[in-house]
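Letters A, B, ... are given to chains in the order of the sequence lines, protein chains preceding strands, and every chain is numbered from 1.
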There are 2 protein chains.
Amino acid sequence: MTPPPRRVTQRDIARMAGVSQATVSLVLNNRTDADVRIAPETRDRVLQVIAETGYAADPAARRLASGFNRIIGVFTYEPAFPSGSRDFFHPFLLGIEEYAERVGCDLLLFTSAPVVDGRRRIFHQDNRLRLADGCILLGREIDGAELLRLNRDRFPYVAVGRRDDAGGPVPYVGADYASAVHRLAERALDLGHRRLTYVGMGTAAESSHDRRRGFHAGTAGAESARQITATALTADATVDDLRADGSTVVFVEDFATAVALESAARRSGLTVPGGLSVVTLGDPTVPVPTDITFTGFRIPREEMGRQAVEVLTGVIDGSAGGLQQRLLPCELVEGDTLGVPGSAVDRR
Amino acid sequence: MTPPPRRVTQRDIARMAGVSQATVSLVLNNRTDADVRIAPETRDRVLQVIAETGYAADPAARRLASGFNRIIGVFTYEPAFPSGSRDFFHPFLLGIEEYAERVGCDLLLFTSAPVVDGRRRIFHQDNRLRLADGCILLGREIDGAELLRLNRDRFPYVAVGRRDDAGGPVPYVGADYASAVHRLAERALDLGHRRLTYVGMGTAAESSHDRRRGFHAGTAGAESARQITATALTADATVDDLRADGSTVVFVEDFATAVALESAARRSGLTVPGGLSVVTLGDPTVPVPTDITFTGFRIPREEMGRQAVEVLTGVIDGSAGGLQQRLLPCELVEGDTLGVPGSAVDRR
DNA sequence: ACCGATCGCTAATACGCATTAGCGGCAGCG
DNA sequence: CGCTGCCGCTAATGCGTATTAGCGATCGGT
């Protein structure tokens, strides 16, 4: 751990240009305030030396002195590039990077965050959070206690995905699941469905809650609209359960579960969508092999990433005002798995 | 741009624990040298206060004072998460993240690097390079001048992919393309091929050069082994050219080009591999729809990322010694596109 | 009882930059 | 000629931490 060799500093530049270190700093920051004037020839001389030496300010010192350094932290509650969550995080990062590049920010990925009780923690002994001007939070579930702390510390941040209040409103850029599911439910009713079942994953995440809320709101005119949990049963057992209930359509939270249900339904003699309609409530987050285009909606992940950075920069420089919470619309996907009920072919 | 609110500092901790700031620092860094002793009860008292306040050292100040901060810079010569290069960078990042997490490092992505003359530049007015202890360079082609500068500045770095010297040896973790192509060429000769053609992309990148070198070395016993450039001709024209030359096998640098050639060959009445064998020299970097398993090799991208971080940590703490250059073997893929020549079916 | 050696801690300084009060010089004005 | 005001710049200070020299106290030895 030998310290790195000494680099060129502003003092060096100052000496070479025959000015003071302060002048170098002023020139570098292009300060042209009324009370800080630098003669054009002096400025040019300093810039000349800077160009010759290829000097660039030490970002750590700059940050320490000024409090800012144009770095945006990115915290992922799971590793950012795992094969498993690959298709989940990637679009977000795509948008985040794009906007960060546009506004000239670097990205600091907090990969060092240790895992405690099965999830990553922002706050730990050696967190480098404060190296960033603010940070973006990614993850299906985010610990409320950590949000609380971020709020308390007044650390600028934006969550990707809607979050409940945590000692104050949580800035976020989310997807409007409630509205999307609502519209899908109405469409099912329009097609003649009267008994609907929502198959959830049994998680407490806001994203899950919003979908259920949308389902509930959209099925007000139904004969029956119940909610069950996928993990409790196998796909085949779930299909049996649906038959027993008389449901003609399922709204499935998890894409892979929808795929499994669809094939289980057909296996049991039900056509899709005639015998059973299957609506998915989100893009696949893990690769699932299927040729079917499911009816559902598309989550604007990339755009969420972009806007998260946009909102964050607003939060950082205090210009955000009240609009620190955004819900982006989801585009509905006209798939092949939602249709008129009653054309079931039951071969049992 | 109002400065962020004052945070808890070591001075605050010191006051609360009734010790000096220096003591807090010593406790925090767990210093147990012979010439620095802290009474256990004092240490506990300080740790107690630290735990209560949830204090974490300011990384900028820490970096300024010590010269290190466990941050690894990642520089990509193209945006890191674009759809186009998606499958190219992702595996590297996967490995990089994994190893960084293991050694407790954060990753700093230099997304702010501006584009000059069509490529990103590491060194620019406002680069945050020195915020990291070292950095990893990703990209098909890396500017030699920037490598030179890194060497001159003695900034720790590791390139992913072999690089030619640039004012001294360049630390890298690359894939052994030369050996892989060499072996494939020998295999072609073994199968009876006598006239071979290498279809390159006409780039000056080391990776490209290594493949050609392997091709050259592996085809010493051939009747003809020539090299042409793909971009000069359409796939159909290239196939005509191959026929005219009497080539029975093509070694194709770019995966997408290989896909195009294969279908062009079949379109022109050649069977694959009987009429024309097609060997690919790298994994697809952009999604190309094909059902064929091409004969070629696999680039250990993920492992390259991992080992790049490993080598970098060695370079940073000076323990790397001479082993700062690694070439990882590529696993050959037994596909369906390399076979015995002469069984061509020419329907022309 | 005196001296040297440890022990436990602190004061002081450096790290490189941003910021501000203010200094010397010069011009303009009366 | 003296005063005011502006111009161009610098000295000084702070940001929060790591590091080191060294101080007072205690202890062991003779």
Please assess B/Q125 against A/I50 for the test side chain to side chain contact (heavy atoms under 4.5 Å, CB included), listing each intermediate value before the final yes or no.
CA-CA 9 Å; B/Q125 187 62 23; A/I50 288 177; 4.1 Å; yes
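Counting any heavy atom pair closer than 4.0 Å across all strands shown, B/A57 reaches sugar-phosphate atoms only and no base atom. Residue A/L64 is classed as a base contact, given a heavy-atom separation below 4.0 Å to a base.
A/D12 places its CG atom 11 Å from the C1' atom of C/dG16, with the value rounded to the nearest Å. Taking atom CG on B/N29 and atom P on C/dC9, their separation rounds to 16 Å, with Å as the unit. Rounded to an integer number of Å, the gap from CG of B/L28 to P of D/dG16 is 15 Å. Atom-to-atom, CZ of A/R37 to C1' of D/dC6 comes out at 8 Å; the value is rounded to the nearest Å. As rounded to whole Å, 10 Å separates atom C1' of C/dT19 from atom CG of A/D33. One can place CD of A/E41 at 13 Å from C1' of D/dC9, the figure rounded to the nearest angstrom. As rounded to whole Å, 12 Å separates atom P of C/dC17 from atom CZ of A/R7.
Between the side chain of B/R128 and the main chain of A/R70, a donor-acceptor pair closer than 3.5 Å is present. Panel note: side chain B/S66, backbone B/R62; a donor-acceptor pair is recorded below 3.5 Å. No donor-acceptor distance shorter than 3.5 angstrom exists from the side chain of B/E206 to the backbone of B/G161, with no hydrogens or angles considered.
Between D/dT17 and B/Y55, a contact under 4.0 Å exists linking OP1 or OP2 to a side-chain N or O. Under 4.0 angstrom from either OP1 or OP2 of C/dT10 there lies at least one side-chain N or O belonging to B/S20. Checking the phosphate oxygens (OP1, OP2) of C/dC17, no side-chain nitrogen or oxygen of A/R63 falls inside 4.0 Å. A/T23 has a side-chain polar atom (N or O) that falls below the 4.0 Å cut-off from OP1 or OP2 of D/dT10. Phosphate proximity of C/dC17 to A/R62: absent, as no side-chain N or O sits under 4.0 Å from OP1 or OP2. When the side-chain nitrogen and oxygen atoms of A/R31 are compared with OP1 and OP2 of C/dA18, none of them lie within a distance under 4.0 Å.
In terms of position on DNA chain C, the residue among A/S25 and B/V19 whose nearest nucleotide sits closer to the 5' end is B/V19. When each of B/T42 and A/A65 is assigned the nucleotide of DNA chain C with its nearest heavy atom, B/T42 is the one assigned upstream, toward the 5' end.
B/Q21 contributes a side-chain N or O that forms a donor-acceptor pair with the base of D/dA18 under 3.5 Å.
Candidate nucleotides D/dG8, D/dT10, D/dG16 were compared by shortest atom distance to the side chain of B/T9, and D/dG16 ranks first.
Shown here is A/R11, whose CZ atom has no more than 12 heavy atoms of other residues, nucleotides or ligands within 6.0 Å.
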